[in-house]
Asks: 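Before I ask anything, let me first share the structure, which is written out below as structure tokens.
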There are 2 protein chains.
Amino acid sequence: MNLPKPIPSCCPPLLSGRLELEELHDVARIFRVLGEPARLQLLNLIAAQSSQEVRACELVETLGLSQPTVSHHLKVMYEAGLLTKERRGTWIYYRLVAERLAQLRSVLS
Amino acid sequence: MNLPKPIPSCCPPLLSGRLELEELHDVARIFRVLGEPARLQLLNLIAAQSSQEVRACELVETLGLSQPTVSHHLKVMYEAGLLTKERRGTWIYYRLVAERLAQLRSVLS
DNA sequence: AGTAAATATTGAGGGTTATCAATACTTCAA
DNA sequence: TTGAAGTATTGATAACCCTCAATATTTACT
């Protein structure tokens, strides 16, 4: 029969970090959202506009992706709390959520 | 026969962002690396040590993952330029690469 | 109501990757 | 050289998700 694998013995418990497990998963989720070139480019594009906002339809051509794919990325970013959306007439305008970006910066410092 | 789909017509070209496409992909890759709770926790743990370093073996129990999985995550972070590794005797010590984190912060500001 | 444009959803296909067990490699000490 | 501990690799499985075509929904205008 098999004996249980011995556990490595070199290892006192580590000091745990600043982040709670819950925030850790939340932050990881945002990083995963930004870990997609199309979405990072999207963030980059919004930040580059003097109006600080974009219409969804403007992004299709710029990103070189299909309209459903762009819509998908916007939804993912919206649900991660990275974007706000506002309907004005026919169009929907997206803006960055500065606090969310600040949260990420603080994790990295 | 099918006519080509018309392209949405509302959309003047957008101002492009600050980042070149190449850096954009590089940064997205790092974000994707951090978009994994185990790896973000790892970063968090290293930063919490007064020595600013950890031995690989210390992480197995702390993260609650198998040794091969921890080794895999360390390799991924190392190859993304987020960690340095140094062998001292039996153990391998990992440290954060501050410049890499600073690069990410700058993208988010 | 009916049409056109903008946006969202659904479903399918294909690539990426987290995870583990098993195994191999490396280093030190006896 | 042999054993033990730390670390890395391989191979397999399963989950995740990007992308698109097709279609549906929403809005404004006539």
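Values below: all heavy atoms of this structure, side chains included; hydrogens, waters and symmetry mates excluded. First the proteins, then the strands, lettered A, B, ... as listed; each starts at 1.
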Asks: Supply the atom-to-atom distance A:Leu108 CG to B:Leu101 CG, rounded to the nearest 0.5 angstrom.
Replies: 6.0 Å
Asks: Closer than 4.0 Å, any side-chain N/O of B:His72 to the OP1 or OP2 of D:dT7?
Replies: no
Asks: Between B:Met77 (CE) and C:dA18 (P), how many Å, whole number?
Replies: 12 Å
Asks: For A:Tyr94, is the NZ or CZ atom of A:Lys85 found under 6.0 angstrom from the centre of its six-membered ring and inside 45 degrees of the ring axis?
Replies: no
Asks: Expressed in angstrom and rounded to an integer, what is the separation of A:Arg55 atom CZ from C:dA8 atom P?
Replies: 14 Å
Asks: Given D:dC20, D:dT7, C:dT19, which nucleotide is nearest the side-chain atoms of A:Leu65?
Replies: D:dC20
Asks: Say you draw a straight line from CG of A:Leu83 to CZ of A:Arg95; how long is it, rounded to the nearest 0.5 Å?
Replies: 11.5 Å
Asks: Measure CG/A:Leu63 against C1'/D:dC20 and give the value in whole Å, please.
Replies: 15 Å
Asks: Kindly say whether, by distance alone, the side chain of A:Gln67 makes a donor-acceptor pair under 3.5 Å with the base of C:dA6?
Replies: no
Asks: Return the value, rounded to whole Å, for the distance between atom CG of B:Leu59 and atom P of D:dA8.
Replies: 11 Å
Asks: Would you mind telling me which of D:dC18, C:dT26, C:dC20 lies closest to the side-chain atoms of A:His73?
Replies: D:dC18
Asks: Can you confirm whether the side chains of A:Ser109 and A:Ser106 place a donor and an acceptor under 3.5 Å from each other?
Replies: no
Asks: Would B:Glu53 and B:Arg88 count as a salt bridge (Lys or Arg N to Asp or Glu O under 4.0 Å) if you check the C-alpha gap in whole Å, the side-chain angles of each, and the deciding distance to 0.1 Å?
Replies: CA-CA 12 Å; B:Glu53 64 186 8; B:Arg88 297 210 293 275; 2.8 Å; yes
Asks: C:dT9 P sits how many Å from A:Glu79 CD, rounded?
Replies: 8 Å
Asks: Ignoring backbone atoms, establish whether B:Thr69 has a side-chain N or O less than 4.0 Å from OP1 or OP2 of C:dC20.
Replies: yes
Asks: Check every atom of D:dT7, C:dA8, C:dA6 against the side chain of A:Ile92 and return the nucleotide holding the closest atom.
Replies: C:dA8
Asks: Which of the following nucleotides, C:dC20, D:dT7, C:dA6, is nearest to the side chain of B:Cys57?
Replies: D:dT7
Asks: State, with a plain yes or no, whether a side-chain heavy atom of A:Tyr93 is found less than 4.5 Å away from one of A:Val54.
Replies: no
Asks: Specify the residue among A:Val76 and A:Pro68 whose closest nucleotide of DNA chain D lies further upstream toward the 5′ end.
Replies: A:Val76
Asks: Check the phosphate of C:dA18 against B:Arg39, side-chain N and O only, distance under 4.0 Å to OP1 or OP2. Yes or no?
Replies: yes
Asks: Counting the atoms with a prime plus P, OP1 and OP2 as sugar-phosphate, which does A:Tyr94 contact under 4.0 Å by heavy atoms, base, sugar-phosphate, or nothing?
Replies: sugar-phosphate
Asks: Using whole Å, what does the distance between atom P of nucleotide C:dT16 and atom CD of B:Glu36 come to?
Replies: 17 Å
Asks: Look at all strands and tell whether A:Thr90 reaches a base, only sugar-phosphate, or nothing, counting heavy atoms closer than 4.0 Å.
Replies: sugar-phosphate
Asks: Quick one: B:Glu86 CD to D:dG6 C1', roughly how many Å, whole number?
Replies: 16 Å
Asks: Tell me the interatomic distance from A:Leu42, atom CG, to D:dC18, atom C1', rounded to whole angstroms.
Replies: 14 Å
Asks: Using a cut-off of strictly less than 4.0 Å, decide whether B:Lys75 has a side-chain nitrogen or oxygen near OP1 or OP2 of D:dT9.
Replies: yes
Asks: At under 4.0 Å between heavy atoms, what does A:Arg32 touch on the DNA or RNA strands: base, sugar-phosphate, or nothing?
Replies: sugar-phosphate
